[in-house]
Each structure stands twice: as structure tokens, then as C-alpha cells.
Amino acid sequence: MENKKILILCTGNSCRSQIAEGYLKFFLKNRANIYSAGVDNHEINSLAIKTMKNDGIDISKQTSNNINEYNNVEFDHIITVCDNAKERCPIFFSRNAIRTHHAFFDPSSIKNPKLIDSAFEKCREEIKLFCKEFSEKYFS
């Protein structure tokens, strides 16, 4: 039986979707193929890499991809992690996929240097809990 395919979609594929990709790979091991993309992709946020490393997960080798790179992939699950991505995800894209939306806190919106690390930790913990619950719900 072929592994299920999961796409995590965000605006820039630089932070929240990268963190979710890292945690879903961790929780699901080899039980699913995990992809992430952005509707407008940017490079991976170095603070996302740092906050994940602080929790023992290395996402530094992940890549930032554009949703159009996956036009020919039929996903089983599409997870949108911000409202912008939910609104901009084409409805025809993986028509039969189970769609899940959760607008996670955006740590890159914090500009106060004293609050940045805790903002990324807050986001990481929200996403970690979501990914654990998602994994248990669909893959137990």
C-alpha cells in the first residue's frame, strides 16, 4: 500500500509550514510522505530552524517550495496553516484531499527583539500539539 501524501501549505513556506513538516515527519516516521509549499515561497526562516533545533528536530535540509511544483501530485491531506493560504489554495488542487485548516500564530510578525525567541517557541508548541493530534487522528 502506498504511503499517504500530506501537503502543508502556507503563504511563504518559510516558517509555520516548515515547522509542521518537521513535526509530521517526526510523529509519522515513514507512514506518510510529507510535503510543504507556499503560495509565494521564500527561503526558510533561520529562526524556525533554530527553534526546531532547540526541540531536537533538524529542518535545515528542508526546502522552500511553491505550490505549483506539486500540480501533478494527488494529496490525501492538505493542511493550511494560515488564512491567506487557505483562501488562495486552488479548489481544484487535489480535489479529493481531506482539507484541514488551522491559522497558527505568525512569529515573524513580532519585531521586538526581546520577544522574538518566545514568539517562535509559542508557534512551535502550537504546531507540535496540532501535528501530534493530527497524527493520532489519521494515522493511529
Legend entry - Hphob cluster co-occupancy, Tyr138 + Leu129, side-chain heavy atoms under 4.5 angstrom: no
Legend entry - Exercise: identify the closest heavy-atom pair between Leu28 and Ala32: CD1-CB, 4.0 Å
Inset, instruction - Measure the spacing between SG of Cys15 and CZ of Arg124 and express it to the nearest 0.5 Å. - result: 11.5 Å
Inset, instruction - Please lay out, stage by stage, how Ile59 and Lys53 fare under the test side-chain contact (heavy atoms from CB on, under 4.5 Å). - result: CA-CA 8 Å; Ile59 63 169; Lys53 193 168 279 190; over 6 Å; no
Inset, instruction - Compare all side-chain heavy atoms of Phe105 with those of Glu126 and state whether any distance is below 4.5 angstrom. - result: yes
Inset, instruction - Specify whether His77 and Phe134 have parallel, tilted or perpendicular ring planes, treating 30° as the upper limit for parallel and 60° as the lower limit for perpendicular. - result: perpendicular
Inset, instruction - Taking the side chain as every heavy atom from C-beta outward, state whether Phe104 and His102 have any atom pair closer than 4.5 Å. - result: yes
Legend entry - Sub-4.5 Å side-chain heavy-atom contact between Ile127 and Val81: no
Legend entry - N/O donor-acceptor pair under 3.5 Å between Arg99 side chain and Ile78 backbone: no
Inset, instruction - Please answer whether the main-chain N or O of Ile57 pairs with a side-chain N or O of Asp55 as donor and acceptor at a distance below 3.5 Å. - result: no
Legend entry - Enclosure of Glu43 CD (heavy-atom neighbours >12, cutoff 6.0 Å): no
Inset, instruction - Kindly give the heavy-atom pair with the smallest separation between Ala119 and Ile110, and that separation in Å. - result: CB-CG1, 3.6 Å
Inset, instruction - Over all heavy atoms of both residues, which pair between Cys10 and Cys82 is shortest? Give the atoms and the distance, please. - result: SG-SG, 3.8 Å
Legend entry - Heavy-atom pair of closest approach, residues Asp83 and His101: OD1-NE2, 2.7 Å
Inset, instruction - Is it possible for you to say whether Phe130 and Leu9 belong to one hydrophobic cluster, with membership spreading through side-chain heavy-atom contacts below 4.5 Å? - result: no
Legend entry - Side-chain donor/acceptor of Ser109 to backbone N/O of Asp106, under 3.5 Å: yes
Inset, instruction - Would you please test Tyr35 and Asn65 for side chain to side chain donor-acceptor pair (under 3.5 Å) and show each step? - result: CA-CA 9 Å; Tyr35 305 79; Asn65 302 304; over 6 Å; no
Legend entry - Worked verdict on Ile44 versus Ser14 for side-chain contact (heavy atoms from CB on, under 4.5 Å): CA-CA 4 Å; Ile44 299 177; Ser14 65; 5.6 Å; no
Legend entry - Heavy-atom side-chain contact between Ile79 and Leu7 under 4.5 Å: no
Legend entry - Spatial distance of atom OG1 (Thr63) from atom CG (Asn41) [nearest 0.5 Å]: 9.0 Å
Inset, instruction - Decide yes or no for Met52 and Tyr23: does some side-chain heavy atom of the first lie under 4.5 Å from some side-chain heavy atom of the second? - result: yes
Legend entry - Path from Ile8 to Val73 over hydrophobic side-chain contacts below 4.5 Å: no
Legend entry - Pair Phe120-Asn54, side-chain contact (heavy atoms from CB on, under 4.5 Å): steps then yes or no: CA-CA 11 Å; Phe120 273 83; Asn54 289 343; over 6 Å; no
Inset, instruction - Look only at the side chain of Arg16 and the backbone of Cys123, and say whether a donor-acceptor pair between them is shorter than 3.5 Å. - result: no
Legend entry - Straight-line distance of Lys132 NZ to Glu136 CD, nearest 0.5 Å: 3.5 Å
Inset, instruction - Let me see the working for Gln18 and Asn13 under side chain to side chain donor-acceptor pair (under 3.5 Å), right down to the final yes or no. - result: CA-CA 6 Å; Gln18 294 290 341; Asn13 192 218; 3.2 Å; yes
Inset, instruction - State plainly whether one hydrophobic cluster holds both Ile34 and Ile49, where clusters connect Ile, Leu, Val, Met, Phe, Trp and Tyr through side-chain heavy atoms under 4.5 angstrom apart. - result: yes
Legend entry - Non-hydrogen side-chain atoms of Ile6 and Asp76 separated by less than 4.5 Å: no
Legend entry - Backbone N/O of Cys131 and side chain of Ser135: donor-acceptor pair under 3.5 Å: yes
Inset, instruction - Step through the shown structure and confirm whether more than 12 heavy atoms of other residues, nucleotides or ligands are within 6.0 Å of NZ on Lys29. - result: yes
Legend entry - Side chains of Lys137 and Glu133 in contact at under 4.5 Å (non-hydrogen atoms): no
Inset, instruction - Verify the neighbour count for atom CG of Asn30: are there more than 12 heavy atoms of other residues, nucleotides or ligands below 6.0 Å? - result: no
Inset, instruction - Flag the pair Arg31 / Lys4 as yes when at least one side-chain heavy-atom distance between them is below 4.5 Å, and no otherwise. - result: no
